[in-house]
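Contents: one structure, followed by commentary.
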Amino acid sequence: MKVCIIGAGVIGLSTAQSIYQHFHGRVTPLTIEVYADVFTPLTTSDGAAGLWQPYLYDKGNVQETEWNKQTFNYLLSCLSSPDSVKMGIFLQSGYNLCTEPMADPSFKDAVLGFRQLTKRELDMFPGYSFGWFNTALMIEGKTYLPWLMDWLGQRKIKFYQRKIGSFQESFILLQSGFIHRMCAFVMTSRSGVLQPDPELQPARGQIIKVDAPWLKHWILTHDSSSGVYNSPYIIPGSRLVTLGGVFQVGNWNLQNSSVDHRGIWEAACELEPSLQHARIVEEWTGLRPARSKVRLERETIRSGPHAFEVIHNYGHGGFGLTIHRGCAEEAARLFGQILEQKGLLALSKSRL
Amino acid sequence: MQRVKVVVVGAGVVGLSTAVCVAETLPHCSVTVVAEKFSPDTTSDGAAGILLPTEFPDIPLERQRHWFKESFDHLLAIAVSPQASDAGVYLSFGYHVFKDVPCDKKPFWADLVFGFRNMTDHEMKRFPNHKFGQAFNTLKCECPSYLPWLEKRFRAAGGQVLHEKVTDLHKLALNYDAIINCSGVGSRFLVKDEEVYPVRGQMLKVNAPWLKNFVRDGDGKTYIYPGISYVSIGGTRQEGDWRMEVDKGDSEGILERCSQLEPSLRAAQVMAEWVGLRPGRANLRVEREYLHVQGRQVPLVHNYGHGGCGVSLSWGTALDALDLLRQSLFEKPPQARL
């Protein structure tokens, strides 16, 4: 059985990992390959600050809340492993500030020590009258992705740097010597162009990274009028602090904008005056794969005489790192279904 | 009008805080700080600087609360200002964990920090050897930055600085109208206070920038305080121990205990080891006496014995010392020096 994963961001790599973990040894041979035009450190996942936090409200997507929680618990369990530093995982606490009272967020039970902010604390943030404090996790793409690639490489997963422009192209790739029906595709957001989905849009984000090691807590602001991530945020990392607050739907421009730079910088300095003395180190723009909800489902695609099993796992917007493990496990479960249908799984039931 | 000459002995966090209070509040005083050691060589420089006081047995709780509240509020104003990074003052969240449930589950300062609460079961899972815990947001004030920042402020207010070891207060009184003694553990010799004793503390500076929250064991001997350039891990509390040399056995013990609290520390590189002598005393001494020198009565205000609470109580006790000085100068205006 051969699995081709298209996209090597956190979703692609973690899906490869979950599939290996569940089916290696149960299906022989099992070949897993990852195709992508960009790999770490050039993926969208690499640019993200890496804070585990879903959007405040899931709008009824309880499945997503569940996947987020699974990811949190998985990452928390990794903390006690000697590899936690090499994985780029660590605890961090911080503030969510609102301009008006808001209902409790979807993640309040998943995180640690969730509580309301007291008036004295809110006095530190003029303009914000309500908010929360809790402990969550950081998962830095620039460290996590290389760790994942290493993990996969040790288990003989192969990586191919290729820009795949269409399904036809990918089929041609595989024609040499493989049995086509023994193949499945996992489509992550990078592959959005392969099968145009009008619901998938870029949500452009721009960030500034500064050297401000006295900052130990993230500060996220929420303004219902401006929308998610369009309000300033400050997220300390293991080395640098990420400043952001841009979420432009429909904007494909990967160039850094000086207008956005000014907006981000001024808003961050207003929120955290000590930043005025921070040294700017980097600037970056990325396109979040935004969608009304994550597309995580199977599809059988026919092309001429061939039928291909596809698992879609894309559209994670600004919460890819936050939700990755839950989605990867679900994708692996869907893969298990494919294996069962093809009669490739031994008599023992899928562990999933 | 001739200015009143005030001298502050000691340039640690208590000495400089007191000097700044006097220099900024009493314009008719000219203030000089005299000390053998200045930052980065003071005891204060090695302290992690987390605002977390302990209780003195014989001082009214209201007064201790006042000291802590003044210190906290003063530093909070700096933390939210553009000066925060220069002064080395910022917010810090963390846990206070206990192997046995403490009798006093709510210390006197609980409402003075932010969000003080018990830890949840979920939070306690990371500390299988501990039964109980408290979580709160407080401040961290790093003296290697804060002391130079205070000194700048002191000079801006007209203060002067002298690098000299003081061994005789009577001799010092010949040249000044008032003395404030902030000599920390040195008070044992300077004012022959036998109640003062060193509480030796050893700590390690480690490179672990992924650590953001502090953890302290209630016994005070194991702590992890993430800082600006390094994480301070420790420690020891050896009473009566004057040794300033690093003890390798202490270092090993610290690394082992802290790694148990925070496993990722095993991947951290040790940058340096440091030893300091906390100025221990059953109770902090802030009080005034008079030295009789050549027919003059020279007020001598004491502000020492802060133990491990130097940073935590620095501004509050400095304000108290300022008050005592003001009272003395009013009650017995300085006479001309010969």
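Each chain gets a letter, A, B and so on, in the order the sequences are listed, and its residues count up from 1. Just so we're clear, the structure is a prediction, and the values are computed from it rather than from any experiment.
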**Nearest-0.5 Å distance that lies between atom OG1 in A:Thr143 and atom CH2 in B:Trp210** = 11.0 Å
**Request:** Would you indicate whether the side-chain heavy atoms of B:Tyr95 and A:Thr135 approach each other to under 4.5 Å?
**Result:** yes
**Request:** With a 4.5 angstrom heavy-atom cut-off, could you sort out which part of B:Ala267 is near chain A: side chain, backbone, both or neither?
**Result:** side chain
**Message:** Looking at chain B, which one of A:Ser81, A:Ser93, A:Ser80 has the largest number of heavy-atom pairs inside 4.5 Å, strictly under?
**Reply:** A:Ser93
**Asked** Is any side-chain heavy atom of A:Gln276 less than 4.5 Å from a side-chain heavy atom of B:Pro82?
**Response** yes
**Message:** Using a 4.5 angstrom heavy-atom cutoff, name the option from B:Pro263, B:Ser264, B:Gly115 with the most pairs to chain A.
**Reply:** B:Gly115
**Complete:** Counting heavy-atom pairs under 4.5 Å with chain A, the top scorer among B:Leu211, B:Asn213, B:Asp86, B:Thr120 is B:Asn213
**Request:** Output yes when a side-chain donor or acceptor of A:Lys216 lies under 3.5 Å from a complementary backbone atom of B:Tyr90, and no otherwise.
**Result:** no
**Request:** Taking atom NZ of A:Lys142 as the centre, report whether more than 12 heavy atoms of other residues, nucleotides or ligands fall under 6.0 Å from it.
**Result:** yes
**Heavy-atom closest contact (B:Lys212 atom, A:Pro236 atom, distance)** = NZ-CB, 4.5 Å
**Request:** For B:Val80 and A:Pro273, work out which heavy atoms get closest and say how close.
**Result:** O-CG, 3.3 Å
**Fill in**
Distance col, row B:Leu76:CG vs A:Met124:CE, nearest 0.5 angstrom, shows 6.0 Å
**Message:** So for atom CG, which belongs to B:Asp121, do other residues, nucleotides or ligands contribute more than 12 heavy atoms lying within a distance under 6.0 Å?
**Reply:** no
**Request:** Measure distances from A:Ile89 to the heavy atoms of chain B and classify the residue's part below 4.5 Å as side chain, backbone, both or neither.
**Result:** neither
**Item:** Pick from B:Gln83, B:Glu142, B:Arg126, B:Met119 with the largest number of heavy-atom pairs that fall under 4.5 Å of chain A
**Value:** B:Arg126
**Asked** Hey, what do you get for CD (B:Glu262) to CG (A:Leu91), rounding to the nearest 0.5 Å?
**Response** 7.5 Å
**Separation of B:Phe93 CZ from A:Tyr95 OH (nearest 0.5 Å)** = 9.5 Å
**Asked** Is it the side chain or the backbone of B:Ser85 that comes within 4.5 Å of chain A heavy atoms, both, or neither?
**Response** both
**Heavy-atom side-chain contact between B:Asp111 and A:Arg120 under 4.5 Å** = no
**Fill in**
chain B shares the most heavy-atom pairs under 4.5 Å, among A:Arg115, A:His277, A:Glu140, with A:Arg115
**Item:** Separation of B:Glu123 CD from A:Leu112 CG (nearest 0.5 Å)
**Value:** 5.5 Å
**Request:** Give, for atom OG of A:Ser274 and atom CD1 of B:Ile78, the distance between the pair rounded to the nearest 0.5 Å.
**Result:** 12.5 Å
**Asked** Do B:Asn137 and A:Phe133 have side chains that get closer than 4.5 Å, going by heavy atoms?
**Response** yes
**Complete:** Assert top hit (heavy-atom pairs under 4.5 Å, partner chain B, pool A:Ala278, A:Ser84, A:Gly113) equals A:Gly113
